[in-house]
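Here's the structure we're looking at; comments come further down.
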Amino acid sequence: MRFAEVAALADRYLMRTYNRLPVALADGEGVRVRDTEGKEYLDFVGGLAVSALGHKHPAVVQAIKEAAEGLLHTSNLYYTEPQARLAARLAALTGLDRAFFGNSGAEANEAAIKLARRWGRQGGRNRCKIISAWQSFHGRTLGSLAATGQPKYHEGFGPLPEGFVYVPLNDVDALAAAVDDETAAVLLEPIQGESGVRPCTAEFLRAARRLCDEKGALLILDEIQTGMGRTGRMFAFEHFGVRPDIVTVAKALGGGIPIGAVLAREEVAQAFGPGAHGSTFGGNPFACRVALAVLDVMERERLPARAEAMGRRLRDGLSRLEGVAEVRGLGLMVGVELAGAPAPKVQQACLERGLLVNAVGESVLRLLPPLIVTEQDVDAAVRIIGEAIAAVRGQGETACP
Ligand code: PLP
């Protein structure tokens, strides 16, 4: 199908939950994708931090073929080797003890919230409060939505679950005032992604750990976007010297196959007994085999270190561009604060020049390229973004002399 047909069909039959760019993507390889009209793009969105190994990575293709020829699905009534092995790998990588698998980020956070609340009701505790940050994003299910500190996403969905409170990001005093004897958990993204790449300060994350310890609450880190090597370490918390009680992972874990996980330390994980939580698809052999292959590639090709090096080059290049007010982030999770050029217009100008970037609101570009990017890819992206900003600023001058 050509673009016009795809768009007409989609616009007729899909719910209108997304504002899509005027492109239908049809294929991809490595850091590049191709649309239905045959035009190629450098992909610096990476499926919103999912395609960390790029498109059609040979090891992922091979794992999918092998997994498809094996048992696809069994339900969680039975043991399977891939799920057990993946749980052990993730436990070792996070320093935590036990895993529960779902199919998405929202489900992982939903499970984390339920686990924290269940734990908060045990052993004579009476803790149900979940504290998160304003501008956070934790997902679209009612629980993860309630934890999301952005009222615009709550609109029209009330009543939301109770017991969720928000504090300004990096405000240690506000957090100290919020954490109390009824707090089950503090839930934070080490770097807020969806709201424009806003990192926690080390001081704030360390204060969160200390306050949770002092008050007997749990620290949950949502590493759905920041995890799996994206920031230059396998998990972003490693940058901060902070050990969480619970970590959520999804996005890049399956290399494009839907899978999410919540990891917890032993004493916390004990709060989930048989029947407490569940998922039909969660952790099926197919998804787990592919995730194991993704982890193999990440370790073999040292992708976190690559993300660190390429991320530095990308941020250096971007911060030298005219029209860029600030460059934020770690590794290959990069936010570009623009001055004098609306981000949606720059996104469109990049698209026309063969580069996919993600506009967040009116002033920020978010870049989440595959971790396999080369120096040439990074330099090409910086050049195109520079040209796109200049073109948009030029238009602005013509329109408003
Ligand atoms: N948490 C974070 C930090 C995210 O960035 C996202 C998605 O963007 C989610 C949770 C929700 O993940 P999903 O869309 O897979 O449900």
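Bear in mind that the values here come from a model prediction, so they are computed numbers and not experimental data.
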**OP:** Mind checking the OG-NE2 spacing from S144 to H138? Nearest 0.5 Å is all I need.
**Re:** 9.0 Å

**OP:** Using a strict cut-off of less than 4.0 Å between a Lys/Arg side-chain nitrogen and an Asp/Glu carboxylate oxygen, indicate whether R34 and D27 qualify as a salt bridge.
**Re:** yes

**OP:** Scan residues 325-349 for pairs that pass side chain to side chain donor-acceptor pair (under 3.5 Å), counting only residues two or more places apart or in two chains.
**Re:** E326-R328, R328-E337, E337-S363, Q348-E352

Subject >> NZ/NE/NH1/NH2 to OD/OE distance under 4.0 Å, K129 and E182 >> reply: no

Subject >> A236 to T226 - nearest heavy-atom pair and separation >> reply: CB-CB, 3.7 Å

Subject >> Residue among R313, R306, R312 satisfying salt bridge (Lys or Arg N to Asp or Glu O under 4.0 Å) with E375 >> reply: R313

Subject >> E37 CD: over 12 foreign heavy atoms closer than 6.0 Å >> reply: yes

Original post:
With a 4.5 Å limit on heavy-atom distance, are the side chains of V197 and M333 in contact?
Top reply: yes

Distance-only criterion, 3.5 Å: show the donor-acceptor pairs between side-chain atoms of residues 6-17 and protein atoms not counting sequence neighbours.
none

Original post:
At what distance, to the nearest 0.5 angstrom, does CG of D35 lie from CZ of R2?
Top reply: 9.0 Å

**OP:** Evaluate the side-chain proximity of E299 to L93: yes if any heavy-atom separation is below 4.5 Å, no if none is.
**Re:** yes

**OP:** Can you measure from CG (L96) to CG (L263) and round to the nearest 0.5 angstrom?
**Re:** 5.5 Å

Subject >> Charged N-O contact under 4.0 Å between R89 and D296 >> reply: yes

**OP:** Not counting sequence neighbours, which residues clear side-chain hydrogen bond (donor to acceptor under 3.5 Å, both in side chains) with E362? List them please.
**Re:** none

Original post:
Below 4.5 Å, heavy atoms only, C-beta onward: do V336 and V364 meet side chain to side chain?
Top reply: no

Original post:
Quick one: does R353's side chain have a donor or acceptor within less than 3.5 Å of a partner on A349's backbone?
Top reply: yes

Original post:
Of all heavy-atom pairs between L169 and P199, which one has the smallest distance, and what is that distance?
Top reply: CD2-O, 3.9 Å

**OP:** For the residue pair W119 and Q270, confirm or rule out a side-chain donor-acceptor distance under 3.5 Å.
**Re:** no

Original post:
Side chains of T141 and E110: donor-acceptor distance under 3.5 Å anywhere?
Top reply: yes

**OP:** Would you mind listing every side chain to side chain donor-acceptor pair (under 3.5 Å) that reaches into residues 246-258, with sequence neighbours excluded?
**Re:** N109-T248

Original post:
Picking from E29, Q62, E301, what satisfies side chain to side chain donor-acceptor pair (under 3.5 Å) with H57?
Top reply: E301

Subject >> Pairs flagged by side chain to side chain donor-acceptor pair (under 3.5 Å) wherever residues 162-175 is involved - sequence neighbours left out >> reply: N170-T201

Subject >> N-O pairing of E69 and K65 below 4.0 Å >> reply: no

Original post:
D43 and V45: which non-hydrogen atoms are nearest, and at how many Å?
Top reply: OD1-N, 3.0 Å

**OP:** Begin with the C-alpha distance, continue with both residues' side-chain angles, and end with the deciding distance and a verdict on side chain to side chain contact (heavy atoms under 4.5 Å, CB included) for D377 and I372.
**Re:** CA-CA 10 Å; D377 298 330; I372 57 164; over 6 Å; no

**OP:** Please name the pair of heavy atoms, one in Q150 and one in S195, separated by the smallest distance, quoted to 0.1 Å.
**Re:** NE2-CB, 4.2 Å

**OP:** Apply the test side chain to side chain contact (heavy atoms under 4.5 Å, CB included) to residues H73 and F286: give CA-CA distance (whole Å), side-chain angles for both, the deciding distance (0.1 Å), then the verdict.
**Re:** CA-CA 7 Å; H73 180 79; F286 179 78; over 6 Å; no

Subject >> N76 and Q83 side chains, donor-acceptor separation under 3.5 Å >> reply: yes

**OP:** Taking the side chain as every heavy atom from C-beta outward, state whether F237 and V247 have any pair of such atoms under 4.5 Å apart.
**Re:** yes

Original post:
Quick one: CG on L188 to CD1 on I131, what's the gap to the nearest 0.5 Å?
Top reply: 9.5 Å

Subject >> Lys/Arg-Asp/Glu bridge criterion (N-O < 4.0 Å) met for R98, E266 >> reply: yes

Original post:
So which heavy atom on Q225 is nearest to which on A49, and how close?
Top reply: CG-CB, 3.9 Å

Subject >> Spacing of CZ belonging to R366 relative to CG belonging to L48, to within rounding of 0.5 Å >> reply: 5.5 Å

**OP:** Show the numbers, then the answer: is there a ring pair (Phe, Tyr, Trp, His ring centres under 6.0 Å) between F100 and H277?
**Re:** CA-CA 9 Å; F100 172 88; H277 194 51; 4.7 Å; yes

Subject >> Which atom of C200 lies closest to which atom of F240, heavy atoms considered >> reply: O-CE2, 3.3 Å

Subject >> Contacts of R302 that satisfy side-chain hydrogen bond (donor to acceptor under 3.5 Å, both in side chains) - sequence neighbours left out >> reply: none

Original post:
Is D181 salt-bridged to R125, cutoff N-O under 4.0 Å?
Top reply: no

**OP:** Give, for atom CG of D379 and atom OG1 of T374, the distance between the pair rounded to the nearest 0.5 Å.
**Re:** 8.0 Å

**OP:** Would you please indicate if the ring centroids of F137 and Y153 are separated by under 6.0 Å?
**Re:** yes

Subject >> Close side-chain approach of L175 to L211, heavy-atom, < 4.5 Å >> reply: yes

